[in-house]
Amino acid sequence: MDASHVDQDLVNVLFTEKQIQDRLAELAREVERDYADQDLLIVGILRGAVMVMADLARSLERHVEMDWMAISSYGSGTKSSGVVRILKDLDTDITGRHVLIVDEIIDTGLTLSWLTSNLSSREPASVEILTLLRKPEALQMPVEVKYVGWDIPNEFVVGYGLDYRERYRNLRDIGTLAPHVYS
Ligand code: IMP
Ligand code: MG
């Protein structure tokens with residue numbers, strides 16, 4: 001579905017499907033350049049990063065391996081709990097590998113700062129982060145991010161993998177959720 005199917009639930013559309021695809025293609029060119037001649041494993045964080053992984057991977061004009069992790073950091077609401085737990089670990093041994101973590105959004109940074117140090121302790125050749133969105137004003141933990149789609153204001157957004165109570169993930173666009181939906 002696109003924003004027209006849920007327009008009363010959104011304050012505005014931040015990024016259209018087309019803008020997202022164009023930005024991911026730009027990031028894919030940077031990744032190709034930075035990892036030229038290197039073997040690359042991209043790690044998607046379930047469930048939000050499914051769309052970014054699918055479209056980024058298909059934009060990459062090179063071989064790439066894909067693996068997934070599931071981490072709990074949010075309950076079902078709109079606030080970060082700060083509690084991080086691995087629900088599904090990697091199937092891949094990342095020792096000596098170049099790892100690129102792919103996520104859809106960095107909010108407080110708690111999840112990815114924890115995950116980066118967890119993966120770094122497994123002695124990979126490198127660990128970097130690609131995120132489609134980042135909320136600089138919400139950051140509580142410093143996270144070094146190599147690739148960012150866009151920095152956005154500190155508002156709750158949905159669509160393109162981002163959910164509110166498991167809904168809106170299948171929205172093609174990204175929009176700001178209207179407060180009447182969650183209050
Ligand atoms: P962080 O640990 O606070 O950086 O946030 C980690 C996770 O919270 C993200 O990967 C998302 O799954 C979720 N999240 C943060 N902000 C939003 C939002 O605006 N909409 C939907 N999910 C969000
Ligand atoms: Mg997520």
Side-chain angles (χ1 to χ4, degrees), residues 1-3 5-7 9-17 19-20 23-24 27 42-57 66-90 99-120 127-183:
M1 63 184 182
D2 59 38
H5 296 104
V6 290
D7 62 352
D9 293 357
L10 301 179
V11 176
N12 63 327
V13 175
L14 283 180
F15 306 107
T16 63
E17 180 179 21
Q19 289 174 308
I20 297 167
R23 186 70 186 116
L24 284 178
L27 294 178
I42 57 176
V43 171
I45 309 305
L46 294 169
R47 285 168 269 185
V50 167
M51 311 296 177
V52 186
M53 279 285 275
D55 289 333
L56 175 76
M66 300 165 79
D67 201 348
W68 301 89
M69 284 183 85
I71 289 160
S72 77
S73 61
Y74 265 43
S76 55
T78 59
K79 293 253 152 62
S80 190
S81 68
V83 179
V84 180
R85 203 158 50 95
I86 294 181
L87 304 177
K88 185 225 167 283
D89 208 335
L90 293 175
V99 176
L100 179 61
I101 302 170
V102 174
D103 210 350
E104 78 290 5
I105 194 163
I106 298 183
D107 183 17
T108 63
L110 293 168
T111 312
L112 282 191
S113 107
W114 182 87
L115 183 64
T116 309
S117 65
N118 181 291
L119 295 189
S120 298
V127 180
E128 301 289 354
I129 296 172
L130 180 151
T131 184
L132 184 63
L133 304 175
R134 178 173 61 183
K135 298 180 189 171
E137 295 155 34
L139 213 60
Q140 291 175 21
M141 288 291 278
V143 194
E144 237 181 79
V145 183
K146 190 160 186 183
Y147 310 96
V148 184
W150 294 282
D151 281 323
I152 61 166
N154 192 8
E155 290 167 331
F156 199 78
V157 293
V158 293
Y160 198 68
L162 291 149
D163 73 304
Y164 173 66
R165 296 195 172 162
E166 295 307 323
R167 289 192 168 184
Y168 306 98
R169 291 194 198 273
N170 60 323
L171 181 61
R172 292 172 181 275
D173 314 299
I174 294 175
T176 307
L177 191 62
H180 76 79
V181 178
Y182 56 85
S183 58

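Atoms within each ligand, like the ligands themselves, are counted from 1 in listed order.
- Near E104, meaning under 4.0 Å from any of its heavy atoms, are these atoms of ligand 1: 9 (C), 10 (O), 11 (C), 12 (O).
- D107 has its side chain within reach of N154: a pair of non-hydrogen atoms, C-beta onward, lies under 4.5 Å apart.
- Residue E155 has at least one heavy-atom neighbour below 4.0 Å for each of these atoms of ligand 1: 19 (O).
- Of the possible polar contacts, none joining the R47 side chain to the A70 backbone as a donor-acceptor pair under 3.5 Å is found.
- Residues forming a salt bridge (Lys or Arg N to Asp or Glu O under 4.0 Å) with D151 (at least two apart in sequence, or on another chain): R134.
- For R172 (side chain) and E17 (main-chain N/O), no donor-acceptor pair under 3.5 Å exists by modelled atom type.
- Taking every non-hydrogen atom of L162 and a distance limit under 4.0 Å, the qualifying atoms of ligand 1 come out as 20 (N), 21 (C), 22 (N).
- The atoms of ligand 1 that sit less than 4.0 Å from any heavy atom of D103 are 10 (O).
- For D9, there are no salt bridge (Lys or Arg N to Asp or Glu O under 4.0 Å) partners at least two apart in sequence or on another chain.
- By the 3.5 Å distance cut-off applied to N or O atoms, G109 is counted among the residues near ligand 1.
- Residue-ligand proximity, D107 to ligand 1, at heavy-atom distances under 4.0 Å covers atoms 1 (P), 3 (O), 4 (O), 5 (O), 15 (C), 16 (N).
- The nearest pair of heavy atoms linking D173 to A3 is OD2-N, 2.8 Å.
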request  = Under the side-chain hydrogen bond (donor to acceptor under 3.5 Å, both in side chains) rule, what do T131 and D103 come out as? Steps first, then yes or no, please.
outcome  = CA-CA 5 Å; T131 184; D103 210 350; 5.8 Å; no
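- Heavy-atom distances between V157 and ligand 1 reach below 4.0 Å in at least one pair.
- Within the structure, the closest approach of Q140 to ligand 1 does not fall below 4.0 Å when heavy atoms are considered.
- In this structure, Y164 and F156 have perpendicular ring planes: the angle between them is above 60°, well past the 30° mark.
- Taking any N or O of L112, backbone or side chain, none lies under 3.5 Å from an N or O belonging to ligand 1.
- Close contacts of ligand 1 with T111, meaning ligand atoms under 4.0 Å from a residue heavy atom, involve 1 (P), 2 (O), 5 (O), 6 (C).
- Selection from L115, I105, D163 by nearest heavy atom to atom 9 (C) of ligand 1 gives I105.
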